[in-house]
Novice: 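Take a look at this one; I'll ask things after.
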Amino acid sequence: MNIILLGPPGAGKGTQARRLVDERGMVQLSTGDMLREARSSGTEIGNRVAGIMDRGELVTDEIVIGLIEEKLEGNTGGGLIFDGFPRTLAQADALEALLHRKGNTLDAVIEMRVDDETLVARIIARSTCAACGEVYNDLTRPVPDDGQCVKCGSAKFTRRADDNEESLKTRLLAYYKQTSPLIGYYHCKGALRVVDGLGEIQDVGASIAEAVSKTS
C-alpha cells in the first residue's frame, strides 16, 4: 500500500503520516527529512545535496527521485507514505515512472481539504517538540500542563519562524499555484480520496484509515 498525503502547509500531513507509521507499520517519506538525512550521510548523493543546500539553491527533482529510489530499495514495511512529494505535475510523472520501474504502484492519493482562514489560525498556534518532532497546538492539542512531551518526555518546544500569517499566506499561494493541479491529475486517474482535514486528529485519522481500507 503506497499513498500520497496531499494538502496545504499545516493541514496535518506529518501528524497523520506518523499515525499511519505507528498503526500500520508504513514508512513515511518526507522530502525535508530525506534531504536532512542525505546531507549528513556522507554518500555521493548526500554530498551533492549538502553542496546544493549550502549554496542556498533548490534541490532538483532528479536528486529527490534518487533519494526516493534509495528508500524503495530498503525496508518499505507496510507501504510508503509520500509526505510533501510530489508538489508539481512533473514530479508526479517522475514518481509514477519510478514506481513502475520498481514494480510498485500508487494506491491512493488522500487530499486533506481545509479552510484557509481556519488553517492560518491553527498554524499560528502550532509548536513542535524539539527532541522528537511531536506536534502540539495551543487550540486543539496544547502542551501538557507538566510541560513535557507525551511521546519522549522532553521539555523543549519550538515554533517555526515562518509560522506567521504573512509567511503562511505566501506558502499557501505557492501551494495553490504549484500543487493544486495535482488534485485534478489524480482525480482523473481515479486515485483521489478527499477527507476533512480540519477535524480532531483522531477523526481525521479515522477518515484516512477508512479511505485506505477501501483501497486495500
Side-chain angles (χ1 to χ4, degrees), residues 1-43 45-46 49-50 53-54 59 64 67-68 70-85 87 110 112 114 118-164 167-168 171 175 195 197-209 211-212:
M1 169 66 64
N2 301 314
I3 67 171
I4 292 172
L5 290 181
L6 190 62
K13 299 185 295 296
T15 297
Q16 294 303 329
R18 284 190 289 274
R19 286 175 63 91
L20 289 168
V21 169
D22 292 341
E23 294 170 6
R24 291 174 173 262
M26 298 179 78
V27 176
Q28 179 186 7
L29 296 185
S30 161
T31 308
D33 289 345
M34 284 192 296
L35 290 173
R36 284 187 288 272
E37 181 184 327
R39 181 176 184 168
S40 60
S41 67
T43 63
I45 194 169
V49 168
M53 294 176 74
D54 288 344
V59 176
V64 176
L67 293 174
I68 293 173
E70 284 186 353
K71 294 292 184 181
L72 286 174
E73 291 168 359
N75 178 18
T76 56
L80 300 173
I81 308 160
F82 295 98
D83 169 15
F85 189 91
R87 295 189 180 187
I110 298 172
M112 297 175 64
V114 296
T118 308
L119 183 65
V120 169
R122 189 165 76 175
I123 289 186
I124 290 172
R126 183 171 64 178
S127 62
T128 305
C129 173
C132 71
E134 190 74 1
V135 178
Y136 295 88
N137 190 285
D138 299 341
L139 304 175
T140 59
R141 194 195 182 208
V143 173
D145 292 338
D146 63 5
Q148 294 186 333
C149 174
V150 296
K151 189 169 184 181
C152 72
S154 171
K156 236 179 150 180
F157 301 89
T158 60
R159 293 186 190 269
R160 280 178 53 159
D162 59 352
D163 276 355
N164 59 73
S167 293
L168 182 58
R171 287 156 61 199
Y175 169 77
V195 301
L198 287 177
E200 296 292 330
I201 290 174
Q202 293 83 353
D203 295 336
V204 177
S207 297
I208 291 174
V212 170

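All residue numbers in this chain count up from 1 along the given sequence. Quantities reported herein were computed from a predicted structural model and do not represent experimental measurements.
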Novice: When rounded to the nearest 0.5 angstrom, what distance separates CG in Leu6 from OH in Tyr175?
Specialist: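 Leu6 atom CG to Tyr175 atom OH measures 4.0 Å (nearest 0.5 Å).
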
Novice: Ignoring hydrogens, what is the shortest heavy-atom contact between Ala11 and Val114? Give both atom names and the distance.
Specialist: CB-CG1, 4.1 Å

Novice: Mind checking salt bridge (Lys or Arg N to Asp or Glu O under 4.0 Å) for Asp203 and listing every partner two or more places apart, or none if nothing turns up?
Specialist: none

Novice: Listed by chain and number, what are the side-chain contact (heavy atoms from CB on, under 4.5 Å) partners of Glu37, not counting sequence neighbours?
Specialist: Lys71

Novice: Could you pull out all donor-acceptor pairs under 3.5 Å where a side-chain atom in residues 146-154 meets a protein atom, sequence neighbours excluded?
Specialist:
residue : atom : partner : partner atom : Å
Asp146  : OD1  : Gln148  : N            : 3.0
Ser154  : OG   : Lys156  : N            : 3.1

Novice: Okay, side chain of Arg24, backbone of Gly78: is any donor-acceptor separation there less than 3.5 Å?
Specialist: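 No, Arg24 side chain to Gly78 backbone: no donor-acceptor pair under 3.5 Å.
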
Novice: Could you tell me which non-hydrogen atom of Ser167 sits nearest to which non-hydrogen atom of Asp162, and how far apart they are?
Specialist: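 That closest heavy-atom pairing would be CB-O, 3.2 Å.
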
Novice: Between Asp33 and Asp83, is any pair of side-chain heavy atoms under 4.5 Å apart?
Specialist: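 Not touching, per the 4.5 Å side-chain cut-off.
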
Novice: Not counting sequence neighbours, which residues clear salt bridge (Lys or Arg N to Asp or Glu O under 4.0 Å) with Asp22? List them please.
Specialist: none

Novice: What residues, two or more places apart in sequence or in another chain, satisfy ring pair (Phe, Tyr, Trp, His ring centres under 6.0 Å) together with Phe85?
Specialist: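 Listed in chain order: nothing, the list is empty.
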
Novice: How far apart are the closest heavy atoms of Leu139 and Ala121, and which atoms are they?
Specialist: CD1-O, 3.8 Å

Novice: Is there a side-chain contact between Leu67 and Ile45, using heavy atoms and a 4.5 Å cut-off?
Specialist: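 Heavy-atom side-chain distance check passes, below 4.5 Å.
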
Novice: Quick one: salt bridge (Lys or Arg N to Asp or Glu O under 4.0 Å) partners of Glu200, sequence neighbours excluded?
Specialist: none

Novice: Under the side-chain contact (heavy atoms from CB on, under 4.5 Å) rule, collect the residues that match up with Val27, sequence neighbours excluded.
Specialist: Leu29, Leu80

Novice: Run the side chain to side chain contact (heavy atoms under 4.5 Å, CB included) test on Arg159 and Asp138 for me, step by step, so that the C-alpha distance in whole Å, both residues' side-chain angles and the decisive distance to 0.1 Å come before the verdict.
Specialist: CA-CA 11 Å; Arg159 293 186 190 269; Asp138 299 341; 2.8 Å; yes

Novice: Please identify each residue that fulfils side-chain contact (heavy atoms from CB on, under 4.5 Å) with Ile124, with sequence neighbours left out.
Specialist: Val120, Glu165

Novice: Does any non-hydrogen side-chain atom of Gln16 lie less than 4.5 Å from one of Ile201?
Specialist: yes

Novice: Under the salt bridge (Lys or Arg N to Asp or Glu O under 4.0 Å) definition, can you give me all pairs with a residue in residues 3-20, not counting sequence neighbours?
Specialist: Arg19-Glu23

Novice: CE/Met34 to OG/Ser41 distance, rounded to the nearest 0.5 angstrom?
Specialist: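 Interatomic distance, Met34 CE to Ser41 OG, rounded to 0.5 Å: 12.5 Å.
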
Novice: Does the side chain to side chain contact (heavy atoms under 4.5 Å, CB included) test come out yes or no for Val204 and Thr15, once each step is laid out?
Specialist: CA-CA 10 Å; Val204 177; Thr15 297; over 6 Å; no

Novice: For Thr158, enumerate each residue passing the side-chain hydrogen bond (donor to acceptor under 3.5 Å, both in side chains) test, keeping only those at least two apart in sequence or located in another chain.
Specialist: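 For Thr158 there are no side-chain hydrogen bond (donor to acceptor under 3.5 Å, both in side chains) partners, ignoring immediate neighbours.
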
Novice: At their closest point, which heavy atom of Leu119 faces which heavy atom of Gly10, and how far apart are they?
Specialist: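 Minimum heavy-atom contact is CD1-O, 3.2 Å.
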
Novice: Go through the steps for Leu5 and Ile81 under the test side chain to side chain contact (heavy atoms under 4.5 Å, CB included), then give the verdict.
Specialist: CA-CA 7 Å; Leu5 290 181; Ile81 308 160; 3.8 Å; yes

Novice: Supply the atom-to-atom distance Arg141 CZ to Glu134 CD, rounded to the nearest 0.5 angstrom.
Specialist: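 So the CZ of Arg141 and the CD of Glu134 are separated by 4.5 Å.
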
Novice: With sequence neighbours left out, write down each residue that passes salt bridge (Lys or Arg N to Asp or Glu O under 4.0 Å) with Arg87, or none if nothing qualifies.
Specialist: none

Novice: Using the side-chain contact (heavy atoms from CB on, under 4.5 Å) criterion, which residues pair with Arg126? Sequence neighbours excluded.
Specialist: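 If we apply the side-chain contact (heavy atoms from CB on, under 4.5 Å) test to Arg126, skipping adjacent residues, the hits are Ile123, Val135, Asn137, Arg160, Asp163, Arg171.
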
Novice: First locate atom CD1 of Ile68, then atom CD of Glu73, and finally report the distance between them rounded to the nearest 0.5 Å.
Specialist: 12.5 Å

